[in-house]
Amino acid sequence: MSETYHPAAIEPRIQAQWSEQLADRADHGDGERFYCLSMFPYPSGKLHMGHMRNYTIGDVITRYQRMCGKRVLQPMGWDAFGLPAENAAMANGVPPAQWTRNNIDHMRSQLKALGFAIDWERELATCDPEYYRWNQWFFLRLLERGIAYKKTGLVNWDPVDQTVLANEQVVEGRGWRTGALVEKREIAMYYLRITDYAQELLDSLDQLEGWPEQVRTMQANWIGRSEGAEIRFACGDSDIKVFTTRPDTLMGATYMAVAAEHPLARAAAANNPALAEFIVACQRGGVSEADIATQEKLGMDTGLKAIHPLSGAELPVWVANYVLMGYGEGAIMAVPGHDERDFEFARKYQLPIVQVISRPDEQPYDDQQWHEDYATREGHLVNSGPYDGQTCPQAHAAIVADLEGRDAGNSRVQFRLRDWGISRQRYWGCPIPIIHCDHCGDVPVPDEDLPVRLPEDLVPDGAGNPLARCEAFVNTSCPRCGAPARRETDTMDTFVDSSWYFLRYTCSDNDQAMVDGRTNDWMPVNQYIGGVEHAILHLLYARFWTKLMRDAGLVDVDEPFARLLTQGMVLAETYFREDEAGRRTWFNPADVDLRRDDKGRVTAAVLRHDGAPVEAGGIEKMAKSKNNGVDPQALVEQYGADTVRLFSMFASPPTQSLEWSDAGVEGAWRFLKRLWAGIQAHLAAGPAAAFDPATLDDEGRELRRLLHETIAKVGDDFGRRYTFNTAIAAIMEFCNHLARYQGSPGATPGLCQEAWLAVIRLIGPVTPHIAEALWQALGQTGSLFEAGWPEVDPSALVRQSVTVVVQVNGKVRGRVELPPGSSREQIEQLALAEDNVQRFVADQTIRRVIVVPDKLVNIVVA
RNA sequence: GCCGGGGUGGCGGAACUGGUAGACGCGCCGGACUCAAAAUCCGGUUCUGGAAACAGAGUGAGGGUUCGAUUCCCUCCCCCGGCACCA
């Protein structure tokens, strides 16, 4: 054993041993199965801290579970299709395929250097035809079942580049490359009927007890089930169908509003140039919900009148930009008296506002000013003819019944969730296996012709999909009639790729089927780990896809992920200088030095190479745009993988954001050096004889109690709480005690040996290389990770005495020592005898004494 | 705008079920070792007052419940994530 800690020598040696032992294979060992999965990365170039943190969390859980005797599957793969590869291609002229595969090779080697216990035999990349052929195959099954279908949808359109833009490519209403004002455009796309599964996706959230409550809440809100009524308003020769959650307010409807894309709006615009112009104006701007929800509410009267189904009143029909074509029917009945958005709109356009629900305590209704209580269901009906005096629930039922009687409406459940549009007008994705034939229409590619391979040599230029211009790809013949035909050039949403990759890991070598029996052996994933930013979309689509595969008889599970851990983001300080024009230049924290006052407060920041000051821009998510990214690779080279792993687990609990700190990394490095030195000193003292715990002196007994308390604490933190930061803090704390004990004259070497062996096993999941090396140095044979988790000796936990805090009126005034399990009377008596307590109780009357056994006494005086 | 989360010393964070606020680490201050520095080791470190014992204040702001609130309830402020074509 070398005298000092040299990770650069240890880590490759230990990794080679693991590799030789096939230690990381999931089909190695015979314990209970445990599937530990981290969200696979997009191969963006190099590993960033978010990846590093995500995979370290997964590895800690994997190694801990393996030490507990489980047979663990921890796979890895690549979410390899997507927009960044096209952007890189535009910037560098390199085909996305080449760029992506180079990145994968580099990032794989980075992951291997970090010592993750990954079963690399199962690696997959979604851009491999052997993977995406099953996207295509299953899409064709969905088409047969009617789950996949074609309809039109709205997209962002860049009129200059003549291309569809992603929401992130729309910056302040303009195309990111051209600066042109973005328009909404309607195009034909393939959709999946996720709304057919809305109720099940909602109901089964209750079974996901291993998921964070906030994620379940977000998904439930996203699915957005609401109960209400569908109501039909006659309008000329047709009906306007609306959905409302408040049929009880029907008598307060004073106008109708339809989306700009609503057929009625279009029809009305045909001979109304002003309206046509307004509808065109509504086409401006992006399609994202955030854009639409924050824009100014605008509208225009169509001149059409709808007939109120109960009162027979004529209601004006408006086009309004706050009505969404994608939700409900693309039309609403407006009740400005009791809906805040309708109220605002009615005030703006001087439409009538009618109160139909009473206010609390019969306060008068003020139609100049919105009040929160207007939207409640607490009151009774007013101004509603026959329904006056009924409560809201009574009126709800009565009005729906009357509508049903007139065939003008019925009860209905509505979901906010919309069907999943999977078509993308992009090159770097999985081709949709459809052939367009002039005679036969849209014809599915026969199974035996799968996969439809994506040509890998194209380079996008930002103006449309290069696949559409690739004759070799597009031109084919119709599988049905043999006539010349064209391939579909849209590709699939990359969320399709990531909706089932976790199933494929279980059988990635099977070239005959999408999944097989091994899939059911491993599923569901016991622990899934990934960023909270995926809390809704990815996780919802993966749940949905799993249910689709279940209904196709391919898998048995209802839900893919039994337990979910959502990790926080990795943040770092930002530094910048601003020029006269207000443009900011950002400097990497690694190039900035801090000045401090004598209390350690930061007073200034200067750029190292020129010594001149820079401004602190606050702590932000690590990002290229702010130049505040810290490269894990550089730190691994400087300190070794174990130090970087240790710091990233120690700095904050996994679910919270982690603020990067080079000084903190230094602290982790120092701890590992002390650990090494402590064991070095222990070994230098000669062989440790066996010892009898019963013969230990007070110091020895105390140390052994701390050791076994620490073992219990760390096991709980790793296995149940997933608070790795507190586990590491407890290990550090114990090491401080152990080093002090070891250096004391009466130390028992056998106890030190027991303690060090336990410490190494406790820290092993976090810093596996140093732990394995020290395990060997302490004369142990076989791998540390085969050695099992240390067991708590209950006899070591027994205390001689406990400290009880004494409060007077809730303030701590003293402490008393007494044997555990002392009676209330004993505790109270000793507490009252304490000197400082006496000072506060002396001339006062004791009103009450609260005793929390072995912990606290509160004496209430007056 | 809507949905979800967060706010505790100079800094990252701890306090798990309403019971000692500040564990552990960083930084800073003082000391040891050294010709010196680095590394390492020892001591101190929430703020205010005090030599100390100790006292007062203190968990984003304000209010409430309770013997007792970082923890539960109400109102407000600020920051972050998601919003369906970023992944």
Show each protein N/O and nucleotides 53-56 of chain B N/O combination with a separation under 3.5 Å, one pair to a line.
residue	atom	partner	partner atom	Å
A55(B)	OP1	R813(A)	NH1	3.2
A55(B)	OP1	N836(A)	ND2	3.2
G56(B)	OP1	R813(A)	NH2	3.4
G56(B)	OP2	R813(A)	NH1	3.0

Worksheet entry | Phosphate OP1/OP2 of U20(B) contacted by K855(A) side-chain N/O (<4.0 Å) | no

Practice prompt. Check the side chains of D158(A) and W176(A) for a donor-acceptor pair under 3.5 angstrom, ignoring hydrogens and angles.
Written response: no

Fill in: Whether over 12 other heavy atoms sit under 6.0 Å from E372(A) CD
no

Table of protein N/O atoms under 3.5 Å from nucleotides 85-87 of chain B N/O atoms:
residue	atom	partner	partner atom	Å
C85(B)	OP2	R424(A)	NH2	2.5
C85(B)	O4'	R424(A)	NE	3.2
C85(B)	O3'	N167(A)	N	3.4
C85(B)	O2'	N167(A)	N	2.6
C85(B)	O2	R426(A)	NE	3.3
C85(B)	O2	R426(A)	NH2	2.4
C85(B)	N3	Q425(A)	OE1	3.4
C85(B)	N4	Q425(A)	OE1	2.4
C85(B)	N4	Q425(A)	NE2	3.4
C86(B)	OP2	N167(A)	N	3.3
C86(B)	OP2	E168(A)	N	2.9
C86(B)	O4'	E168(A)	OE1	3.2
C86(B)	O4'	E168(A)	OE2	3.3
A87(B)	OP1	L83(A)	N	2.9
A87(B)	O3'	D79(A)	OD2	2.6

Worksheet entry | Integer-rounded Å distance: C28(B) C1' and L594(A) CG | 13 Å

Worksheet item: How many Å lie between CZ on R848(A) and P on U66(B), as a whole number?
Response: 11 Å

Worksheet, complete the sentence: Here the distance between atom P of G5(B) and atom CG of L565(A), to the nearest Å, is 16 Å

Worksheet item: Do the two ring centres, one from F647(A) and one from W669(A), sit under 6.0 Å apart?
Response: no

Practice prompt. Please state how far atom CZ in R815(A) lies from atom C1' in G19(B), giving the value in whole angstrom units.
Written response: 13 Å

Worksheet item: When we call it a touch if two heavy atoms are under 4.0 Å apart, what does E666(A) touch: a base, just sugar-phosphate, or nothing?
Response: nothing

Worksheet item: Separation of Q214(A) atom CD from G5(B) atom P, in whole Å?
Response: 6 Å

Worksheet item: U40(B) C1' sits how many Å from Y5(A) OH, rounded?
Response: 17 Å

Item to complete: Would you kindly say whether S288(A) and N167(A) are connected by a side-chain donor-acceptor distance under 3.5 Å?
Response: no

Worksheet item: Are the charged groups of K713(A) and E733(A) less than 4.0 angstrom apart, N to O?
Response: no

Worksheet entry | Listed nucleotide nearest any side-chain atom of V860(A), set G1(B), C67(B), U40(B) | C67(B)

Worksheet item: If we take the P atom in both G50(B) and C41(B), what is their distance in whole Å?
Response: 35 Å

Worksheet item: Which nucleotide in the list C3(B), G19(B), G27(B) gets nearest to the side chain of L856(A)?
Response: G19(B)

Item to complete: Check side chain to side chain donor-acceptor pair (under 3.5 Å) between E709(A) and all other residues, then give those that pass, not counting sequence neighbours.
Response: R705(A)

Protein and nucleotides 12-17 of chain B: nitrogen or oxygen contacts under 3.5 angstrom:
residue	atom	partner	partner atom	Å
G12(B)	O2'	A651(A)	O	2.9
G13(B)	O3'	N725(A)	ND2	3.4
A14(B)	OP1	N725(A)	ND2	3.0
A15(B)	OP1	R721(A)	NH1	3.1
A15(B)	OP1	R721(A)	NH2	3.0
C16(B)	N1	R721(A)	NH1	3.4
C16(B)	O2	R720(A)	NH2	2.9
C16(B)	N4	K713(A)	NZ	2.6

Worksheet item: In whole Å, what separates the C1' atom of U59(B) from that of A69(B)?
Response: 11 Å

Worksheet, complete the sentence: Note on RNA chain B: ranges paired as stems (three or more Watson-Crick/G-U pairs in a row, both atom distances under 3.5 Å) are B:1-7 with B:77-83, B:10-12 with B:24-26, B:27-32 with B:40-45, B:46-49 with B:54-57, B:60-64 with B:72-76

Worksheet item: Which part of the nucleic acid, if any, lies within contact of M569(A), taking any heavy atom under 4.0 Å across all strands shown: a base, the sugar-phosphate backbone alone, or nothing?
Response: sugar-phosphate

Worksheet item: Is R341(A) paired with E344(A) through a side-chain N to carboxylate O contact shorter than 4.0 Å?
Response: no

Practice prompt. For G27(B), take OP1 and OP2 only and decide whether either is under 4.0 Å from a side-chain N or O of R670(A).
Written response: yes

Worksheet item: Under a 4.0 Å N-O cut-off, is there an ion pair linking K621(A) with E533(A)?
Response: no

Worksheet item: Has the side chain of D291(A) got a donor or acceptor atom that lies under 3.5 Å from a matching backbone atom of G285(A)?
Response: no

Discussion item. Can you confirm whether Q838(A) is buried at CD, in the sense that more than 12 heavy atoms of other residues, nucleotides or ligands lie under 6.0 Å from that atom?
Written reply: yes

Fill in: Aromatic ring proximity, centroids under 6.0 angstrom, F650(A) and F724(A)
no

Worksheet item: Touch check for N809(A), heavy atoms < 4.0 angstrom, all strands: base, sugar-phosphate only, or nothing?
Response: nothing

Discussion item. Given 3.5 Å as the limit, does a donor-acceptor pair link the side chain of Q656(A) with the main chain of P653(A), or not?
Written reply: no

Worksheet entry | Nearest-Å distance once atom C1' is located in both A21(B) and C86(B) | 42 Å

Worksheet item: Using the C1' atom in both, what is the distance from U75(B) to G18(B), to the nearest Å?
Response: 22 Å

Fill in: Chi-angle category of G9(B) [syn within 90° of 0, anti beyond]
syn

Worksheet item: What is the distance, rounded to the nearest whole Å, between atom CD of E213(A) and atom C1' of G4(B)?
Response: 12 Å

Fill in: Distance, P atom - from U46(B) to G64(B), rounded to whole angstrom
31 Å

Discussion item. Between G9(B) and G58(B), how many Å separate the two C1' atoms, rounded to a whole number?
Written reply: 10 Å

Worksheet item: Is A535(A) touching bases, backbone alone, or none of the nucleic acid, heavy atoms closer than 4.0 Å?
Response: nothing

Item to complete: Please list, chain by chain and in numerical order, all residues satisfying side chain to side chain donor-acceptor pair (under 3.5 Å) with N221(A), sequence neighbours excluded.
Response: none

Worksheet item: Do side-chain atoms of H51(A) reach the backbone of H48(A) as a donor and acceptor pair under 3.5 angstrom?
Response: yes

Worksheet entry | Rounded interatomic separation in angstrom, taking NE2 from H737(A) and C1' from C24(B) | 11 Å

Worksheet item: Looking only at atom P, what distance separates C80(B) and C67(B), rounded to whole Å?
Response: 41 Å

Worksheet item: Do any N or O atoms from the side chain of R645(A) and from the backbone of V766(A) form a donor-acceptor pair under 3.5 angstrom?
Response: yes

Practice prompt. Return yes if the base of C67(B) and the side-chain atoms of N858(A) contain a donor-acceptor N/O pair under 3.5 Å, otherwise no.
Written response: yes

Worksheet item: Under 3.5 Å, side chain of D419(A) to main-chain N/O of T195(A), donor-acceptor pair present?
Response: yes

Fill in: Whole-Å P distance, C42(B) and A52(B)
25 Å

